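Here's the structure we're looking at; comments come further down.
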Amino acid sequence: MNPFDELVREVRQFLQRVGEMINRDLTSLPVSKAQPRFGYLAVPLHSVMREVTNIDSILEDVAERFEFKYLQRPRLVSGFLNFDVNPREYSKLVIDAALSLRERYGYSDKCPRGKFLIEHTSANPLHPLHIGHARNAVLGDTLARLLRFCGCEVRTHFYLNDCGDQVSYAVLGFDLVRDVAYRRIREGRKPDHVVGLIYAVTCTVAEIKRLNREIKSLEKVNPERANELRGELDSLVAAVNRLREQDPELVDMLVRALGPVDDLDLEAKRITRLYEQGDLEVVKKVREVVNLVVEGFRQTLTRMSIEFDSWDWESEVAVYSGKAVEVVRQLFRRVPNFVETDEGGAIVFRADKYAELLNLWDELGLPRSLPRAVLLRRDGTTLYLTRDVAYALWCFEKFNPDRIIRVIAAEQRHPQAQLRVILHALGYPDLARRVVHYAYEMVVLPGVKMSGRRGEYVTLDEILDETKRRVRDLIRDRFSSQEELDRVSEAVAVGAVRYALVSVGPLRPMTFDWNKVINLRQNSGPFLQYTYVRAKSILEKAGVISVMHYQVPEELAPEEVDLVKLIGEVPEVVAKAASDLRPDYLAEHANRIALTFNSFYEKYPVMRADEPYRGFRLALVEAVKICLSNIMGILGVPTLERM
RNA sequence: GGCCCCGUAGCUCAGCCUGGAUAGAGCGGCGGCCUUCUAAGCCGUAGGUCCCGGGUUCAAAUCCCGGCGGGGCCGCCA
């Protein structure tokens, strides 16, 4: 049920009649929203008017005989045919639709259908989730909720990168301070925060060692360059000192233990290699660390109401299964002319040449220039991309989704494009087209470059805690129960953070701004929550659980008509958001409903109004509540009874 | 150098795909509204060369071409 679409249909019927009179097809003319002062819907007739001079009288003629149901007779103004709704009929249609469909209101046959596998967040299991991962997680989870609302079959997956050198640094460090680390966790520190600190220190110390070696070798040959590097060294040492402040005992111990290890990079690579080979000892150690971080992820994601259907371990799906190596072998077999051995001995797939030859740019949505894709290192180990291809194949084999939506930072455009080209080259052009890279731009901190390796980031936990703290200060007096105060502050904080991250188009680079996240006013999660509570409160005080009967009054207030229109648009907005994968459309629409509802709320009494106003307004309020609740459900902004 | 994204009010952004009338929100500013359904609200007001220059069109923030500015990628990292 899509009330707005009913209006468009009526407009087109009218246009068809007019078209019959002048022997033209007018039904394909665009029907768009009019500027409010001209009506609700508008059709530009400029081109028709140039050729049909007596269009006015024809319109008059047709309008005279046309049976308008939800619309009023249109007016022709400066080349636009403007329609407005018939308030009484249309409110009936809209409100009945909302009240009868309830938690399903918003669904329509314009919604996309199919089976989706959404892979999102997929942060490296080395450190806590930070604000950038939060954008990813909230986008991915919101898309999943949106498509599920549309009736699609949706699975959410977290791809766990447990292979690769980065994990090895964390494992290496963790092994050296295991006892203290566990003590911290027992003391209540989140495990991902503990590992994150260890990882950052280990990486930074490794870099210091690397730099020291370089300086030593340069001292004689190029003293100036050596001096430059000493400057960098200072900043690294400063970074370690900053990290030390978080936990002097642990960091000191770790730095001492790392001291004797000559070449940390070599040691990390050794761990990587053994892990890929399935060395039991190493597997146990890596799993231990990764599981600790995952436990931390889970805690944070649960706060955000984000759940996954599956946690896919890269080592399992791509490496131990032999799939990644198989990818390389198959490429050799199928497209030998495009697989080369690099001077250094690495195996390279010429994705650039392959795409060029088959002219795949539009078909696979590739950027016009593609780098070549390295598949295997000189030592024969796989790279992320290779394993990623294997992972995509695994997903298709296991679940056969119509689409795999992968929420991955925009900076990974090239490897994601290479992945599609490789799938194509492997003989799966269809699968290549079904992989969607849902790109989003980074979140930047004002003035700071976030770096996981240096431990420089604002964690999602901190953001949630700080937002919650501010909310609590604000509403402390309204709650006698500490428990309820805590529950409400938490829900408001989650709503605020989720809304802030999802209300901006994904491709816009975002500057992290505390003022925006903790904005509790308009255009925020809390504003929706507040408005929802107001609506709910009216219905409760009126003793109405659900409106059954109401009469539409003769005259409606402008705010009431505006609300009806916005409610009627909900299915349209849902379908558009789902097909374009733009959850921000929903945030905007919910905000508009809330703004209009609050204007209405100030001006017109509901409970104390006389019939038929009381009944009608109660129905309208309930319809608003349904819309807000449905959209908030998709956005993951919790609804509350009180706040 | 090549490719991708972004450029709209002091600030954060929507609108661009699919061209349409006097370009919209929020924040911040200024001025008002709490014995009446939650003031996290509401009302009013100020604030714009839609980065610049061409082109297409009856019509351009929107489409095309060329610039400029910011960010990103072009790794045997992920």
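Only this structure's heavy atoms are used, side chains among them; waters, hydrogens and symmetry mates stay out. On a predicted model such as this, the values are computed, not experimentally measured, just so you know. Below, chain A is the first sequence line, B the second, and so on; all start at residue 1.
Remark: B/U12 base-pairs with B/A25; criterion is Watson-Crick or G-U wobble with both hydrogen-bond distances under 3.5 Å. For B/C3, the paired nucleotide is B/G72, the pair qualifying as Watson-Crick or G-U wobble because both relevant distances are below 3.5 Å. Across every strand in view, B/G44 sits in a pair with B/C30 that passes the Watson-Crick or G-U test at under 3.5 angstrom. For B/G66, the paired nucleotide is B/C52, the pair qualifying as Watson-Crick or G-U wobble because both relevant distances are below 3.5 Å.
Ion pairing between a basic and an acidic side chain is recognised when a charged N comes within 4.0 Å of a carboxylate O; A/Arg135 and A/Glu441 show no such pairing. A salt bridge is absent between A/Arg642 and A/Glu540; no separation between the charged side-chain nitrogens and carboxylate oxygens falls under 4.0 Å.
Here A/Asn598 lies in heavy-atom contact (under 4.0 Å) with sugar-phosphate atoms only. Within 4.0 Å (heavy atoms only), A/Val606 reaches at least one base atom of the nucleic acid. Among the heavy atoms of the strands, none lies under 4.0 Å from A/Pro30. Backbone-only engagement by A/Pro367 is indicated by non-hydrogen atom pairs under 4.0 Å involving sugar-phosphate atoms exclusively.
Atom NZ in A/Lys603 sits about 13 Å away from atom P in B/C42, given to the nearest Å. Atom CD in A/Glu411 sits roughly 14 Å away from atom P in B/A78 (whole-Å rounding). In this structure, A/Arg387 atom CZ and B/C77 atom C1' are separated by 10 Å, rounded to whole Å.
In the model, A/Thr272 has a side-chain atom that pairs as donor or acceptor with a side-chain atom of A/Asp165 under 3.5 Å. Between the side chains of A/Asn598 and A/Thr531, at least one donor N or O sits under 3.5 Å from an acceptor N or O. Side chain to side chain, A/Ser629 and A/Thr639 fail the donor-acceptor criterion of an N or O pair below 3.5 Å.
In this structure, the aromatic ring of A/Tyr601 is not positioned over the six-membered ring of the base of B/G41 within 5.5 Å between centres and 30° between planes. A/His46 qualifies as a stacking partner of the B/G20 base, centre to centre under 5.5 Å and near-parallel within 30°.
The base of B/A40 is paired with the side chain of A/Arg478 by a donor and an acceptor separated by under 3.5 Å.
For B/G41 and B/G2, the P atoms lie 50 Å apart once the distance is rounded to whole Å. Taking the P atoms as reference points, B/C6 lies 14 Å from B/U62, given to the whole Å.
Listed for the A/Asn136 side chain is a donor-acceptor partner under 3.5 Å among the backbone atoms of A/Thr121.
The glycosidic torsion of B/C34 lies within 90° of 0, which places this base in the syn conformation.
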Listing time: all N or O pairs from protein to nucleotides 61-64 of chain B that are below 3.5 Å?
none

Measure all distances between protein nitrogen or oxygen atoms and nitrogen or oxygen atoms of nucleotides 13-16 of chain B, and list the pairs falling under 3.5 Å.
| unit_1 | atom_1 | unit_2 | atom_2 | d |
| --- | --- | --- | --- | --- |
| B/C13 | O3' | A/Arg508 | NE | 3.1 |
| B/A14 | OP1 | A/Gly505 | N | 3.4 |
| B/A14 | OP1 | A/Arg508 | NE | 3.4 |
| B/A14 | OP2 | A/Arg508 | NE | 2.4 |
| B/A14 | OP2 | A/Arg508 | NH2 | 2.1 |
| B/A14 | O2' | A/Glu588 | OE1 | 2.9 |
| B/G15 | OP1 | A/Arg582 | NH2 | 3.1 |

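Taking the ring axis of A/Tyr40 as reference, the NZ or CZ atom of A/Lys565 stays within 45° of it and closer than 6.0 Å to the ring centre.
None of A/Arg377, A/Arg372, A/Arg378 except one satisfies the salt bridge (Lys or Arg N to Asp or Glu O under 4.0 Å) rule with A/Asp342; the exception is A/Arg372.
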Where protein sits on nucleotides 22-31 of chain B, one letter per nucleotide: B base, S sugar-phosphate only, - none, heavy atoms under 4.0 Å = B--SSSS---

